Amino acid sequence: MYNHKQLKAITCKDRFIFVNAGAGSGKTTVMIERIKRLILEGVSEIDILGLTFSKEAATQMKERLNVENVYISTFHSFCYQYIEGFDVIPKSAPFSKDYLLKVSLYKNKMGRKPFLYHRYISYLKRHKFIDYDDMLIRFISIKDVYQYKHILIDEFQDTNFLQLRVLVKLIHKKTHVFVVGDPDQSIYGFRGAMKEVSDYFIHKFNATLITLDMNYRSDSNILSVANKVITNNTNRIEKTLACTTENNGKVALHIFNSTHTYLQFIYHVILSTRFNSYAIITRTNKQLFDIKSTIDLNIPMFKIQKISLYTLHASKGLEFDCVFILGVDNNHIPYKFSGNKLSIEEERRLFYVGITRARHALYFIHYKYNKNVKLSKFIDEISDNQVFKAIK
């Protein structure tokens with residue numbers, strides 16, 4: 001039922017464990033089965049804490065675990081239960097998303113103090129509001145916190161500075177900590193997530209490293225391209241995804257001179273194949289908006305229910321039989337404002353996330369919207385791969 005590495009992760013008795021879980025390797029299943037195993041071995045349900053990063057992921061985990069007294073929550077909801085007398089800052093607050101992001105980065109020690117920061121703090125105090133980072137900051141200062149015996153954290157690569165401090169606060173002499181993450185899918189640096197948190201955890205706590213590298217999602221050609229892309233990043237925790245299917249799958253680059261021709265191509269692929277799910281994935285929300293508008297106006301047949309549209313960030317955690325990654329050019333993938341090595345590596349991880357959404361077919365779409373647009377440097381990195389076919 002489980003491969004030997006999954007079974008090791010489920011049953012390992014070591015106090016601190018880091019599971020380097022590749023895309024499609026069954027990491028959530030491993031985490032849930034580990035909790036069930038702990039309960040069977042006599043650990044009280046109320047002594048187990050599961051933490052993740054979104055309400056959707058927490059809800060899904062609760063449903064799959066189906067155990068009443070195990071506390072599964074997001075970091076923020078967990079901390080907020082300890083805080084009294086404050087409401088969460090509403091979406092109607094007179095601050096832009098960009099300003100709130102700058103505030104968050106400042107509180108996570110990853111940015112400068114925003115302009116007129118004192119007005120922001122005064123607004124919170126006047127209305128007795130707290131923001132999401134304040135939940136973590138206030139929790140860190142609380143003295144009496146329930147001491148869990150087992151803490152399990154999913155998507156650990158998305159941890160920021162304050163969330164890491166929350167974890168450190170929760171660890172006492174008898175705490176066992178099991179974290180699951182994929183540093184190759186760390187794509188939220190712009191929001192304060194730290195790719196280095198995995199290395200920090202492993203070295204600070206001398207954690208046992210278990211690598212889940214058996215991919216149960218993608219066909220071999222898709223994994224071949226994914227592995228080739230991500231090896232261009234430095235300072236990785238080494239991992240090469242291995243295929244578990246007997247299918248080769250398809251990977252191809254198609255180059256077009258107009259929006260109409262690439263949409264017609266996508267439509268043709270959908271009509272000529274029998275996959276159950278298709279996704280068009282873009283780098284930016286603007287691309288997504290533009291393609292939705294174009295489809296609605298010009299190609300009514302795309303109301304077809306089987307196709308989904310996502311940005312690369314929003315596609316994380318999802319999977320589709322056939323994926324079209326749109327805009328593989330140096331203005332979008334990597335994004336044009338990604339100037340330094342660290343940001344380029346995050347863009348490459350984002351590209352890797354998009355690639356590993358595909359099960360059976362992966363199409364890179366390059367649309368030459370002006371004569372100066374160049375094919376993505378990431379495509380150059382995989383163009384010598386034997387499974388890669390370029391159709392111009």
Side-chain angles (χ1 to χ4, degrees), residues 2-6 9 19-30 155 157 180-187 195 198 209-234 236-254 269 273 275-281 308 310 312-313 315-326 328 333-334 345-365 376-391:
Y2 305 109
N3 66 49
H4 72 282
K5 293 180 180 180
Q6 288 176 326
V19 179
N20 181 22
S25 64
K27 65 181 180 60
T28 305
T29 296
V30 164
E155 301 288 1
Q157 77 281 346
V180 181
D182 184 3
D184 288 335
Q185 295 188 73
S186 179
I187 59 173
K195 182 186 75 69
S198 301
L209 174 63
I210 301 172
T211 299
L212 302 184
D213 52 9
M214 300 298 292
N215 178 284
Y216 294 91
R217 175 186 302 154
S218 304
D219 292 339
S220 62
N221 287 345
I222 295 167
L223 292 185
S224 178
V225 170
N227 288 326
K228 185 74 182 291
V229 165
I230 204 62
T231 54
N232 288 278
N233 276 4
T234 58
R236 296 174 57 234
I237 301 176
E238 186 60 36
K239 176 174 72 272
T240 301
L241 296 179
C243 187
T244 59
T245 76
E246 296 181 356
N247 303 320
N248 291 328
K250 182 171 186 177
V251 180
L253 165 69
H254 289 259
V269 170
T273 55
F275 295 130
N276 292 319
S277 58
Y278 300 81
I280 298 174
I281 300 178
S308 304
Y310 291 95
L312 284 166
H313 284 98
S315 74
K316 188 171 177 292
L318 304 176
E319 56 186 70
F320 308 91
D321 290 334
C322 179
V323 167
F324 304 89
I325 298 182
L326 181 65
V328 286
I333 303 175
E345 293 210 345
E346 178 152 324
E347 289 292 310
R348 189 178 284 111
R349 292 193 294 271
L350 190 57
F351 188 45
Y352 173 81
V353 165
I355 291 170
T356 54
R357 299 312 94 198
R359 295 191 189 102
H360 307 302
L362 173 66
Y363 295 93
F364 300 115
I365 304 296
S376 169
K377 62 184 292 182
F378 297 157
I379 294 294
D380 292 339
E381 293 171 357
I382 59 175
S383 60
D384 63 342
N385 193 301
Q386 292 182 354
V387 308
F388 184 85
K389 300 183 185 304
I391 301 174

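Just so it is clear, the structure is predicted and the values come from calculations on it, not from any experiment.
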Taking the side chain as everything from C-beta on, heavy atoms only, tell me whether [X] gets closer than 4.5 Å to [Y].
{"X": "Ile222", "Y": "Ile355", "answer": "yes"}
{"X": "Leu241", "Y": "Thr356", "answer": "yes"}
{"X": "Glu155", "Y": "Lys316", "answer": "yes"}
{"X": "Val30", "Y": "Tyr2", "answer": "no"}
{"X": "Phe320", "Y": "Leu318", "answer": "yes"}
{"X": "Thr273", "Y": "Cys322", "answer": "no"}
{"X": "Phe351", "Y": "Ile325", "answer": "yes"}

Phe364/Phe378 under ring pair (Phe, Tyr, Trp, His ring centres under 6.0 Å): CA gap, chis, key distance, verdict: CA-CA 11 Å; Phe364 300 115; Phe378 297 157; over 10 Å; no
How far apart are the closest heavy atoms of [X] and [Y], and which atoms are they?
{"X": "Pro183", "Y": "Ser198", "result": "CG-OG, 3.7 Å"}
{"X": "Val353", "Y": "Leu312", "result": "CG1-O, 4.2 Å"}
{"X": "Lys377", "Y": "Pro334", "result": "CG-CD, 3.9 Å"}
{"X": "Lys228", "Y": "Glu381", "result": "NZ-O, 3.5 Å"}
{"X": "Lys239", "Y": "Leu212", "result": "CD-O, 3.9 Å"}
{"X": "Glu238", "Y": "Thr240", "result": "OE2-OG1, 3.7 Å"}

Would you say the side-chain atoms of [X] pair up with the backbone N or O of [Y], donor to acceptor, closer than 3.5 Å?
{"X": "Ser218", "Y": "Ala358", "result": "yes"}
{"X": "Asn221", "Y": "Gly249", "result": "yes"}
{"X": "Gln157", "Y": "Ile187", "result": "no"}
{"X": "Ser376", "Y": "Ile333", "result": "yes"}
{"X": "Asn232", "Y": "Val229", "result": "yes"}
{"X": "Arg217", "Y": "Ala23", "result": "no"}
{"X": "Ser25", "Y": "Asp213", "result": "no"}

Would you give the length of the straight line joining atom [atom1] of [X] to atom [atom2] of [Y], rounded to the nearest 0.5 angstrom?
{"X": "Leu253", "Y": "Leu362", "atom1": "CG", "atom2": "CG", "value": "10.0 Å"}
{"X": "Ile281", "Y": "Ser315", "atom1": "CD1", "atom2": "OG", "value": "4.0 Å"}
{"X": "Asp321", "Y": "Arg357", "atom1": "CG", "atom2": "CZ", "value": "13.5 Å"}
{"X": "Asp184", "Y": "Arg236", "atom1": "CG", "atom2": "CZ", "value": "4.0 Å"}
{"X": "Thr211", "Y": "Asn20", "atom1": "OG1", "atom2": "CG", "value": "4.5 Å"}

Tyr216/Thr29 under side chain to side chain contact (heavy atoms under 4.5 Å, CB included): CA gap, chis, key distance, verdict: CA-CA 12 Å; Tyr216 294 91; Thr29 296; over 6 Å; no
Positive for side chain to side chain donor-acceptor pair (under 3.5 Å) with Asp219, one of Lys250, Arg359, His360: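 The option that passes is His360.
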Phe324 and Tyr363 aromatic ring geometry - parallel, tilted or perpendicular at 30°/60° bounds: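 Parallel: the ring planes of Tyr363 and Phe324 meet at under 30°.
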Step-by-step salt bridge (Lys or Arg N to Asp or Glu O under 4.0 Å) determination, Arg348 to Glu346: CA-CA 5 Å; Arg348 189 178 284 111; Glu346 178 152 324; over 6 Å; no
CA sep, side-chain torsions, deciding dist, call: Asp182, Lys27, salt bridge (Lys or Arg N to Asp or Glu O under 4.0 Å): CA-CA 10 Å; Asp182 184 3; Lys27 65 181 180 60; over 6 Å; no
